[in-house]
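Just below is one structure, and these are the notes that go with it.
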Amino acid sequence: MAELAQNPKVSAKAALDLVKTTWALIIAILAAVAVLDPGNWGEVVTFAGKALIHTGQYILFAVLLLSYLKATGAEVMVARAFEGRETRMILLAALFGGLAPFCSCEVIPFIAGLLALGAPLSAVMAFWLSSPLIDPPTLLITAGALGWPFAVGKAVAAVALGLFGGFVVRGLMRSGAFAQPLREYKPVGCCGCGPKQDDKPVWRFWQESERRARFRTEFVHNGLFLLKWLALAYVLEALLVSYVPADLIARVVGGEGIVPIVIAALVGMPAYLNSYVAPPLLAGLTEQGMVAGAAMSFMVAGAVSSIPAMAAVWSLVKPRVFATYLGLGITGAIISGILFQMI
């Protein structure tokens with residue numbers, strides 16, 4: 001502290017670094033809400049807090065699993081399990097993504113773990129795109145609100161989008177793209193202090209001090225990384241719910257033809273679209289004239305490319321991967337809407 005006080009340049013740099021941190025941004029957002037709309041501050045904090053606590057169980061499981069694999073040296077086995085099986089992994093990832101009960105933010109811890117352990121980006125992308133769209137509870141809710149044809153259509157769209165994204169990324173990777181997809185989410189202990197790559201897994205890692213230390217380091221580093229970005233994602237989500245109602249956004253989509261479907265995807269992209277709230281909302285809008293294809297496009301784009309989801313994706317991967325994810329999601333939403341409208 002004395003050094004900071006004596007050296008204004010160092011002090012200014014430290015202050016600037018603090019301002020740039022994710023936690024500082026979260027505090028600034030909440031402070032702005034407290035000043036500009038104090039009556040809604042508690043609701044925003046409660047919404048974000050509840051969502052983060054709900055997701056916390058997934059974060060804890062994913063970080064514990066990743067830390068265990070890293071401490072035992074089993075990440076090498078996990079990476080090898082994907083070798084030579086990329087096509088099969090894309091198929092399984094797209095199918096499993098349609099069954100996993102994760103929203104686009106909750107799936108981030110698992111995606112982070114898979115990428116950090118060396119899983120092919122193509123299979124990860126397949127799971128990433130299909131997972132937010134459908135799960136068993138959402139399927140039933142969608143069927144009850146919009147009918148089974150729409151529910152089945154959304155389930156098919158989820159798997160198809162996963163396959164589409166997985167195989168597109170596979171083709172791009174074969175041409176040399178995405179050699180290093182991760183932005184900052186780097187495995188800890190790469191300086192050589194951890195287990196060697198050719199070591200056999202030591203499942204009882206707690207019997208060795210070096211592996212215990214690696215487990216602690218991995219747990220703290222990865223846990224804090226995911227926690228800060230998901231906290232920001234849910235604060236943004238809370239702002240969207242409070243100040244940008246989804247029904248108001250969706251009402252700008254009307255008419256027939258391809259144009260409303262494209263507009264629905266572009267409008268749905270930044271819109272908050274909870275998979276449990278969206279079906280009843282879209283049911284009311286379709287009764288007021290919103291075409292089924294636009295509803296499908298809006299729902300798919302909203303689930304895959306909502307602002308909370310994009311914030312989490314941006315924090316995890318490099319800009320090219322992020323742009324590809326976003327492009328695949330929007331393109332898939334438009335295609336899904338057009339095909340569903342034709343059928």
Side-chain angles (χ1 to χ4, degrees), residues 94-95 97-104 126 128-166 168 237 240-241 244-310 325-343:
L95 290 172
L99 298 175
F102 304 134
C103 75
S104 49
W128 210 337
L129 288 169
S130 63
S131 182
L133 290 175
I134 199 71
D135 57 62
T138 303
L139 181 68
L140 296 176
I141 293 174
T142 304
L146 297 167
W148 277 106
F150 195 97
V152 173
K154 185 184 177 186
V156 172
V159 177
L161 180 57
L163 294 174
F164 170 66
V168 167
E237 182 177 349
L240 287 170
V241 172
V244 187
D247 58 345
L248 180 61
I249 297 176
R251 288 182 188 278
V252 305
V253 183
E256 298 181 358
I258 297 179
V259 174
I261 295 174
V262 175
I263 294 176
L266 296 177
V267 172
M269 179 181 66
Y272 169 73
L273 196 62
N274 185 288
S275 296
Y276 301 104
V277 177
L281 167 66
L282 291 176
L285 293 174
T286 53
E287 292 178 358
Q288 297 176 8
M290 186 178 190
V291 296
M296 179 65 72
S297 180
F298 184 84
M299 182 176 285
V300 172
V304 174
S305 304
S306 64
I307 285 180
M310 289 192 290
Y325 167 85
L326 189 60
L328 290 171
I330 298 303
T331 302
I334 294 173
I335 295 175
S336 298
I338 292 174
L339 292 178
F340 188 74
Q341 185 66 29
M342 292 174 60
I343 297 174

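Values below: every heavy atom of this structure, side chains too, minus hydrogens, waters and symmetry copies.
Atom-to-atom distance recorded for L326:CG and T331:OG1 is 9.0 Å, nearest 0.5 angstrom. The CD1 atom of I258 sits 10.0 Å away from atom CD1 of I334, with the distance rounded to the nearest 0.5 Å.
Shown here for G166 and A126, the closest heavy-atom pair between the two residues is CA-CB, 4.1 Å. Here the shortest heavy-atom pairing between S130 and A94 reads OG-O, 3.3 Å.
The backbone N or O of I261 lies less than 3.5 Å from a partner atom in the side chain of S297, making a donor-acceptor pair. No side-chain donor-acceptor contact under 3.5 Å links T142 to the backbone of A151. Side chain of K154 to backbone of L133: a donor-acceptor contact under 3.5 angstrom is found.
The aromatic rings of F340 and F150 sit perpendicular to each other, their planes meeting at more than 60°, with 30° as the lower class boundary.
Of the listed residues (L328, V159, L129), just one forms a side-chain contact (heavy atoms from CB on, under 4.5 Å) with F164, and that residue is L328.
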